[in-house]
4 protein chains.
Amino acid sequence: MSEEPAPRRRQARGERRITQLLQAAASVFCRTGYSAASTNAIAREAQVSPGTLYQYFPNKEAIAVELGGRLLQQMRETHGLAFDAANLDLPLPELVDAVLEPVIDFNCRNPAFLALMHGSGDIPGRIAEEHDAVHASMLGRIADVIGKFVPSLPADDRGRVADMTLGIVKAGLDLVLAAPEGPAREATVAELKKAVVRYLAPLLEPDPDAPARLTTTPSS
Amino acid sequence: MSEEPAPRRRQARGERRITQLLQAAASVFCRTGYSAASTNAIAREAQVSPGTLYQYFPNKEAIAVELGGRLLQQMRETHGLAFDAANLDLPLPELVDAVLEPVIDFNCRNPAFLALMHGSGDIPGRIAEEHDAVHASMLGRIADVIGKFVPSLPADDRGRVADMTLGIVKAGLDLVLAAPEGPAREATVAELKKAVVRYLAPLLEPDPDAPARLTTTPSS
Amino acid sequence: MSEEPAPRRRQARGERRITQLLQAAASVFCRTGYSAASTNAIAREAQVSPGTLYQYFPNKEAIAVELGGRLLQQMRETHGLAFDAANLDLPLPELVDAVLEPVIDFNCRNPAFLALMHGSGDIPGRIAEEHDAVHASMLGRIADVIGKFVPSLPADDRGRVADMTLGIVKAGLDLVLAAPEGPAREATVAELKKAVVRYLAPLLEPDPDAPARLTTTPSS
Amino acid sequence: MSEEPAPRRRQARGERRITQLLQAAASVFCRTGYSAASTNAIAREAQVSPGTLYQYFPNKEAIAVELGGRLLQQMRETHGLAFDAANLDLPLPELVDAVLEPVIDFNCRNPAFLALMHGSGDIPGRIAEEHDAVHASMLGRIADVIGKFVPSLPADDRGRVADMTLGIVKAGLDLVLAAPEGPAREATVAELKKAVVRYLAPLLEPDPDAPARLTTTPSS
DNA sequence: TATGAATGAGTGTTCATTCAT
DNA sequence: TATGAATGAACACTCATTCAT
């Protein structure tokens, strides 16, 4: 009874430490990229000694993995509804808008997420695989949506389309983050949405004879 | 007459060494990215001592710069016509095909090019500028083509469209290179082309009433 | 109260390490001179890894600067009184004796000091300046003493005499350090003092009427 | 008969090469000191390939040794008379003047000589010994002169005086070379001579009662 | 004989990781 | 649990020296 609070507090303190370290890591990864980020720099940013860092993470890779995982989780929790909800009934532009808006929003607030995804090439061996988990997860969601819209699409086609869609989104997010906040960024966001909508629209056209209703409205 | 062969041979050997070193660098950059690539690893890959590497390049950056420059030059020389030629009269799908086909082809044969473009963020100082030159150059070409097709498009819109287009192409190239050679790769190539065509098609449609002739025919 | 000892011990350890490293550096500088001394050799001599050395000094230069600074400081603290004290009233031989004795003593105990002064030409950049500071400081003191004795001497003459005096002292110190401890060294010390006394004596002869028995007539 | 000229020419050519290399070495040693001078830099300065350098000298040390030896020889040949000639009958100031003047002159024209003597500390192992030969040779000459003047001086005293004298001369030469050409340098030269004369004068005074005939007459 | 490309051990320095406290 | 000093392998780069031509 008298022993219980301690472990709890410890756990709580540990959790805080981890959060603190991951925030520091996010900040450093954003500034320098994964491979140029030093664990000592992360510890310093977290106002913690290197030894402490290694009490919570076995190595540098693990930090990136955990950070990536948490960010993904966070994204899912905060905005993930977009995927699952009933907006599958919406016309494509609105659907894309509903899905992309929170994603874009999240990435603007957590630029480390993108940095990590791009850096995964630099990450050696096992880490890359775990990182790919994040990637794969997003891919899976996209593929699911596509599958629901066009159930007739063969699996490998669906995979390819999902890949391409995610590629476009990532490329667009880069541009969005690179744009200065303000109208320029808004315009870039709009452009990204257009790109996705236009890419996906033809998939949904069940009848080549019918005028292309679902397609994008006139551009820009 | 008796003096000439020596220097020439020397130069020839030097040229060969440089080529050999750049090939090794390309290979290592592909495997590990720029920043994780060590000069010793490059030398080892080239079956050469570190000292030899430094007889031809003053530092690590210079290797990346020279490799990037040569690849760009090579791309321009081999396939650059695509942009300049008369295929501006072609319908969009054929135009994209004509332009993208050699670019894809080149990147398949020289995967280091993409690796270098992705890594350019990690490259410090002057190199980054030169690398950005590559990026900027491609961007400029795309913007030119767009400008010719849609002269009415305001400059900043044109820039954004060029950015987005290049982003899609780079993302697509990543997928193409990641795909195993064979039908899977071909399909990915086709998907990339579709993505570009669909993204650009609406730009060219002056008349929303007219049936969307220039647009892609039903996909897949 | 329970928090204090740790940092203090840490600091104490750090201070010890620095001392240890500087001792090792002194030893290596003595054996090989500044430029031939390698940081790894210094670390090895200090029975420490290279990384540890760099935890306390940002680079090789800094080691020399710190060592030089400490030695100078030490010399000032231990023996510096010689210059300032009332022994300006002593006759020249006693004055030279009073000033030189501790200097010689110090250099015998800290041969690195001389090694560093000789090597200062090899030391690049900022360090050289700091080292010159040591040199300049000693020069200034000598010039001060001369100025007090012969206020009529023009500034540039005074500078030249100080230069020459310091030169003689440094040359003599080299000989002293080269001599085996014992009577040989004592004799060399005596010789150095004689050289300085004889060089300076003529300067101090206030009365040109008195037959210039031993000396030069007033110089230049 | 037809064979003879070739070897001679070869020898002649070889001699020229060596001279050329030693001149280059002198120049580089002067600029950077012995240990910072790279053999490649010497070869470059001599407009010769590194391989050629190593055809004439087995290693870097040998270059310094040979250069030192030649400079000494040259000094002996050009100005050495000073030591041997009849000016032993001159009063001390004139003697010192006669001996020092050409030495100073030579060192002004061949600053590498001094650079080499100072650098001998940096020179490892065997080389230092050979370099000391130069030093020892000069020492011997000085000791000889002293011996002739004061035959009663015990050998070890004589050695010490010679050491000190050479020390003063070297220190003075440093100052002379450091002074800008012109009156400043002349004044420094005069100061050096004074230092030597004053140091040696008392040695020659057999009788403190007798007026100090041998001592310096009015200075400079 | 002369070349200059090639070598490889060595330099100063960094950083992911460990360990005594 | 937290510290930060300590480690040592690795990095980018240099240079005295060798060797194929």
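Sequence lines set the chain letters: A, B, ... in the order given, protein chains first and strands last, and positions in each chain run from 1.
- The nearest whole Å value for the distance from the OH atom in D:Tyr56 to the C1' atom in F:dA16 is 19 Å.
- Dashed line: the shortest gap from a side-chain N or O of D:Arg44 to OP1 or OP2 of E:dG4 is not under 4.0 Å.
- The OG1 atom of C:Thr19 lies 10.5 Å from the OH atom of C:Tyr56; values are rounded to the nearest 0.5 Å.
- As a whole-Å value, the separation of A:Leu53 CG from F:dG4 P is 14 Å.
- The shortest non-hydrogen separation linking B:Ile42 to B:Ile63 is CD1-CD1, 4.4 Å.
- Rounding to the nearest 0.5 Å places CG of B:Asn40 at 10.5 Å from NZ of B:Lys60.
- Minimum interatomic distance between A:Val28 and A:Ala37 (heavy atoms only, all atoms of both residues): CG1-CB, 3.6 Å.
- B:Tyr34 contributes atom OH, which lies 11.5 Å from atom CG of B:Leu67 (distance to the nearest 0.5 angstrom).
- Pair assignment for F:dC19 gives E:dG4, based on Watson-Crick or G-U wobble hydrogen-bonding distances that are each under 3.5 Å.
- The two residues D:Ser35 and C:Ser35 come nearest to each other via the heavy atoms OG-OG, 3.0 Å.
- The nearest whole Å value for the distance from the CD atom in C:Gln55 to the C1' atom in F:dG4 is 7 Å.
- Look at A:Ser49 and you won't find any side-chain N or O under 4.0 angstrom from OP1 or OP2 of F:dG4.
- In this structure, D:Arg17 places its CZ atom 11 Å from C1' of E:dT3, rounding to the nearest Å.
- Relative to the side chain of A:Val48, the nucleotides F:dT3, E:dT7, F:dG8 differ in distance, and F:dT3 lies closest.
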Can you name the atoms? Protein N/O to nucleotides 17-19 of chain F N/O, anything below 3.5 Å, with the distance.
from, atom 1, to, atom 2, distance (Å)
F:dT17, OP2, D:Tyr54, OH, 2.9
F:dT17, OP2, D:Lys60, N, 3.0

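- Rounded to whole Å, atom C1' of F:dA5 lies 12 Å from atom CG of C:Leu21.
- DNA chain F is contacted by both D:Ala37 and C:Gln47; C:Gln47 maps to the nucleotide lying nearer its 5′ end (nearest heavy atom per residue).
- Between D:Ile42 atom CD1 and F:dC15 atom C1' there is a gap of 12 Å when expressed in whole angstrom units.
- Here the CZ-CD1 distance, from B:Arg70 to B:Ile18, works out to 6.0 Å after rounding to the nearest 0.5 Å.
- Protein atom CD of B:Gln20 is 12 Å distant from nucleotide atom C1' of E:dA5, rounded to whole Å.
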